[in-house]
Amino acid sequence: MCFSATASFVSAGMMGLSGLAALASARQPRELPLAAAPLIFAIQQSVEGTLWLTLPIAPDLPTSAVLMYVFLVFAMIFWPVYGPLAILAIERDSLRRRAQTVCLVAGTIAAFYLGWRLLTYPHVGSIENDHIQYRADSPVPRVIFLMYLLATGFAPIASSDWTVRLFGLVVLLGLAVSYLFYWEALTSVWCFFAAAGSFVILAHFRNERRYAQMAS
């Protein structure tokens, strides 16, 4: 999380519990990827929480570099592919599935480029103004950023389920707030909003279980 180690670990614990509850509520194998998302967010936030602890005392040691790259792999490579896949897996409407497939293709392209960028350009993480900032020598091209946004924000917006759409709205609002007020720490802050939005995923599975019980 973008504000402190304590906040990172507390939020990770809450997301972990939410993820376990969502997994317990999932009724079909195709629901498992989406149900696991809060738990994966919890792992990512725990990694950044540990980075909060190591950066002040060992910014140049391999431990800090490994933690930074693990966090960035989650943020830049994992989510733009996993997110659309998880949402596509639960979608039944054929037209919406086509839209989500486009989002998945865009996210895959963005993930390949960002992965190449991670391997090619040095990245540096530092704590500044109560945030962790991740910097590279090369800016992300606008078209890649738009593809990433399509995968992570618009794939859930295209869902036929209102709770999944709500999650997408949280992601997009998080981007707007991060861009306007925390530009230098955009990656960290936006990931926090996306992680916080993952609590909505638990609401999705609770609603699905309630509807199933009412129908039985």
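Excluded from the calculations below are hydrogen atoms, water molecules and symmetry mates; all remaining heavy atoms, backbone and side chain alike, are included.
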> Stepwise, does the side-chain contact (heavy atoms from CB on, under 4.5 Å) test hold for Met15 with Leu39?
Replying inline: CA-CA 6 Å; Met15 285 175 228; Leu39 194 58; over 6 Å; no
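- Using the six-membered ring where Trp is involved, Tyr134 and Phe71 have ring planes that are parallel, under 30° apart on the 30 and 60° scheme.
- Glu91 places a side-chain heavy atom less than 4.5 Å from the side chain of Ser159.
- In this structure, the separation between CD1 on Ile90 and CG on Leu32 is 11.5 Å, given to the nearest 0.5 Å.
- Checked by atom type and distance alone, the side chain of Ser18 never pairs as donor or acceptor with a backbone atom of Met14 at under 3.5 Å.
- Annotation for Ala42 and Ala12: closest pair CB-O, 3.2 Å, computed over non-hydrogen atoms.
- The CD atom of Gln133 sits 5.5 Å away from the OG atom of Ser126 when rounded to the nearest 0.5 Å.
- Annotation: Phe41 is in aromatic contact with Trp79 [ring centroid separation under 6.0 Å].
- To the nearest 0.5 Å, atoms OG1 (Thr120) and CG (Asp137) are separated by 11.0 Å.
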>> Walk me through whether Ser64 and Thr54 qualify under side-chain hydrogen bond (donor to acceptor under 3.5 Å, both in side chains).
In response: CA-CA 6 Å; Ser64 296; Thr54 62; 3.3 Å; yes
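- Put simply, Val10 and Leu20 are part of two different groups of oily side chains (I, L, V, M, F, W, Y) that touch within less than 4.5 Å, one to the next.
- Between Leu104 atom CG and Leu85 atom CG the span is 4.5 Å, to the nearest 0.5 Å.
- Counting heavy atoms from C-beta on, the side chains of Ile157 and Val171 never come closer than 4.5 Å.
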> Can you check side-chain contact (heavy atoms from CB on, under 4.5 Å) on Leu172 and Leu149, steps first, answer last?
Replying inline: CA-CA 8 Å; Leu172 293 177; Leu149 180 60; 3.5 Å; yes
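- Counting all heavy atoms, side chain and backbone alike, Ala35 lies closest to Ala26 at CB-CB, 4.2 Å.
- In this structure, Pro84 and Gln100 have side chains that are not in contact, with every pair of non-hydrogen atoms separated by 4.5 Å or more.
- A donor-acceptor pair is defined here as one N or O able to donate and one able to accept, closer than 3.5 Å; no such pair exists between the side chain of Arg135 and the backbone of Val124.
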> Yes or no on side-chain contact (heavy atoms from CB on, under 4.5 Å) for Asp161 and Ile87, after CA distance, side-chain angles and deciding distance?
Replying inline: CA-CA 10 Å; Asp161 186 277; Ile87 293 164; over 6 Å; no
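- In terms of modelled atom types and a separation under 3.5 Å, the side chain of Glu31 and the main chain of Gln28 share a donor-acceptor contact.
- Of the inter-residue distances, the one linking Leu55 atom CG with Glu48 atom CD reads 9.5 Å to the nearest 0.5 angstrom.
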>> Go through it in stages, so that I can follow the logic: the residues are Arg117 and Met76, the test is side-chain contact (heavy atoms from CB on, under 4.5 Å), and I'd like the CA-CA distance, side-chain angles, deciding distance and then a yes or no.
In response: CA-CA 10 Å; Arg117 183 172 174 267; Met76 295 183 175; 4.0 Å; yes
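- Between the side chain of Tyr69 and the backbone N or O of His123 there is at least one donor-acceptor pair closer than 3.5 Å.
- No donor-acceptor distance shorter than 3.5 angstrom exists from the side chain of Arg165 to the backbone of Pro156, with no hydrogens or angles considered.
- Between the OG1 atom of Thr163 and the CG atom of Leu169 there is a distance of 12.5 Å, given to the nearest 0.5 Å.
- Linking ILVMFWY side-chain heavy atoms closer than 4.5 Å, directly or via other members, places Val102 and Phe154 in a single hydrophobic cluster.
- Side-chain contact between Ile77 and Phe112 is absent, with no heavy atoms from C-beta onward closer than 4.5 Å.
- Tyr113 contributes no side-chain N or O that, together with a main-chain N or O of Thr108, makes up a donor-acceptor pair within less than 3.5 Å.
- Summarising the geometry of Ala111 relative to Val81, their closest heavy-atom pair is CB-CG2, 3.7 Å, with the distance given to 0.1 Å.
- Between Cys103 and Leu150 the shortest heavy-atom distance is SG-O, 3.4 Å.
- Leu23 is not connected to Leu17 by any chain of hydrophobic side-chain contacts under 4.5 Å among Ile, Leu, Val, Met, Phe, Trp and Tyr, and they are in different clusters.
- Of all heavy-atom pairs between Ala106 and Met147, the closest is O-CB, 3.5 Å.
- Put simply, Leu67 and Leu72 are part of the same group of oily side chains (I, L, V, M, F, W, Y) that touch within less than 4.5 Å, one to the next.
- The hydrophobic cluster containing Val140 also contains Tyr121, counting ILVMFWY residues as joined when their side-chain heavy atoms lie under 4.5 angstrom apart, directly or transitively.
- The two residues Ser46 and Phe9 have their closest heavy-atom pair at O-CE2, 3.6 Å.
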